[in-house]
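Beneath this line is the structure, given in structure tokens, with notes to follow.
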Number of protein chains: 2
Amino acid sequence: MKISSRFSVAVHILSLLAIAKDAHCTSEWIAQSVNTHPVVIRRILGMLKKAGFVKIPKGSGGAYLIKDLDDITLLDVYRAVDAVPGGELFQFHEHPNPACPVGGNIEAVLQLILLRAQAAMEQILADVTMEQLVENLNEKIGS
Amino acid sequence: MKISSRFSVAVHILSLLAIAKDAHCTSEWIAQSVNTHPVVIRRILGMLKKAGFVKIPKGSGGAYLIKDLDDITLLDVYRAVDAVPGGELFQFHEHPNPACPVGGNIEAVLQLILLRAQAAMEQILADVTMEQLVENLNEKIGS
DNA sequence: CTTGTTGTAACCATTATAGTTACATTTTTG
DNA sequence: CAAAAATGTAACTATAATGGTTACAACAAG
């Protein structure tokens, strides 16, 4: 299975908040850019709020950034929206037969490698900040 | 979402076939080691057959390897069982609003990075052969 | 012919996702 | 104060993928 689109939507939202700094960014307004339902946006915004990236006035609405984009890596966003439930990318078949030499040991041996693979993927995300991404985005928009 | 356990089961199966070289490895027998239903095994074995890793006599049964384990990387297995449907690890939210500067450009900018993250993960899998894994497994079993 | 096995189709339960409706709560403003 | 505009959240739906299961036709070998 694929990694939830919550992640790409969250990046979209944060980029919007950064670029439309002065707009009144309601869930309704954001939803139009993402092209989805406002409640979907509110759910994800809620996670970004819990992570301390944004603030959302309750009655008046309009989310805004409260953390420097340089201090938010893509991995932080990935984690904030729980892009992979539980954090482990690879699903194991649980309870192989412990009486079998292979069944009893394969999990430990394979796990070593899969965690390394996961770490390699996450490292790429950790190496890119939202600041850099928004910079790229601005270049692309400008051209 | 997580990557299908088909992958770890497939690795388990290939390891079994390698280590129990002389056994009559029926889906029933393999299923006992994996601790699942024989049909699940047959489904995955079918994919490994299609990939050219194993052969399966039809009436008499008992799968066996027909490819050198040194020539099968974990990535090959990963691909053989379609561990991530379609091959793209990250799910995008489709059809962002093209009229919005952010909505119209975020996908291209983000995609660059996510494909790099996916490639980094797959590279780790590509760097480990089933031969190496079975070696590790044998050490672990021996100790 | 009988037995054991594969290959497949069909169905089910479970889980996660994304979208949607509904509504209580809160803030602002007239 | 009352109306308007938001949020936060619960509940429900539809869809998809997964893993397990049953059933059965096809096939090989003793």
Side-chain angles (χ1 to χ4, degrees), chain A residues 1-10 12-13 17 23-32 34-51 54-64 78 81-97, chain B residues 1-10 12-13 17 23-32 34-51 54-64 78 81-97:
Chain A
M1 289 282 291
K2 289 152 183 267
I3 290 171
S4 169
S5 70
R6 276 196 304 274
F7 176 41
S8 64
V9 172
H12 187 148
I13 293 175
L17 297 187
H24 188 220
C25 302
T26 66
S27 60
E28 174 82 33
W29 185 80
I30 298 172
Q32 286 194 345
V34 175
N35 188 29
T36 183
H37 197 282
V39 171
V40 173
I41 299 297
R42 276 181 238 155
R43 276 205 282 252
I44 296 174
L45 263 179
M47 303 190 209
L48 298 177
K49 182 170 89 173
K50 198 173 287 180
V54 304
K55 202 151 210 176
I56 312 171
K58 202 140 191 210
S60 55
Y64 56 92
Y78 175 90
V81 298
D82 200 25
V84 165
E88 292 226 336
L89 184 56
F90 291 89
Q91 175 99 41
F92 269 83
H93 182 274
E94 52 300 324
H95 314 310
N97 187 344
Chain B
M1 290 282 290
K2 289 153 184 266
I3 290 171
S4 168
S5 71
R6 276 196 303 274
F7 176 41
S8 65
V9 172
H12 187 148
I13 293 175
L17 298 187
H24 188 220
C25 302
T26 66
S27 61
E28 174 80 35
W29 185 79
I30 298 172
Q32 285 194 345
V34 175
N35 189 27
T36 183
H37 198 282
V39 171
V40 173
I41 300 296
R42 277 181 238 155
R43 275 207 281 253
I44 297 174
L45 262 180
M47 302 190 210
L48 298 178
K49 181 169 89 175
K50 199 174 286 179
V54 304
K55 202 148 211 177
I56 313 171
K58 205 148 189 202
S60 55
Y64 56 94
Y78 176 89
V81 299
D82 199 26
V84 166
E88 292 225 334
L89 185 56
F90 291 90
Q91 175 100 40
F92 270 83
H93 182 274
E94 52 299 325
H95 314 311
N97 187 344

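Order of the sequence lines sets the chain letters (A, B, ...), proteins ahead of strands, with each chain counted from 1. Being a predicted model, the structure only gives us computed values, none of them experimental. Atoms considered below: every heavy atom in the structure, side chains included; atoms not considered: hydrogens, waters and symmetry mates.
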State whether [X] places a side-chain N or O below 4.0 Å from either non-bridging phosphate oxygen (OP1 or OP2) of [N].
X	N	value
A:Thr26	D:dA6	no
B:His93	C:dT17	no
A:Ser5	C:dT17	no
A:Ser60	C:dT26	no

Counting C-beta onward and ignoring hydrogens, is there a side-chain heavy-atom pair between [X] and [Y] closer than 4.5 Å?
X	Y	value
B:Leu48	B:Ile56	no
B:Val9	B:Thr36	no
B:Ile3	A:Val84	no

Rounded to the nearest Å, what distance is computed from the [atom1] atom of residue [X] to the [atom2] atom of nucleotide [N]?
X	N	atom1	atom2	answer
B:Ile44	D:dG20	CD1	P	8 Å
B:His37	D:dA23	NE2	P	10 Å
B:Ile41	C:dG7	CD1	P	13 Å
A:His95	D:dG20	NE2	C1'	14 Å
A:Leu45	D:dA6	CG	P	14 Å
A:His24	C:dT28	NE2	C1'	10 Å
A:Trp29	D:dT7	CH2	P	12 Å
A:Lys58	C:dC23	NZ	C1'	13 Å

5′-ward residue of the pair A:Ile3/A:Val39 relative to DNA chain C: A:Ile3
Closest to side chain of A:Thr36, choosing from C:dT17, D:dT22, C:dG19: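 Closest nucleotide to the A:Thr36 side chain: C:dG19.
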Looking across every strand, which nucleic acid part, if any, lies under 4.0 Å from [X] by heavy atom: base, sugar-phosphate, or nothing?
X	answer
B:Pro57	sugar-phosphate
B:Arg43	base
B:Lys49	sugar-phosphate
B:Gly59	base

Check: B:His24 side chain, B:Ser60 main-chain N or O, donor-acceptor pair, under 3.5 Å: yes
A:Arg6 side chain to A:Asp82 backbone, donor-acceptor under 3.5 Å: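 Answer holds: yes.
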Nearest-nucleotide 5' precedence on DNA chain D, B:Arg42 against B:Val84: B:Val84
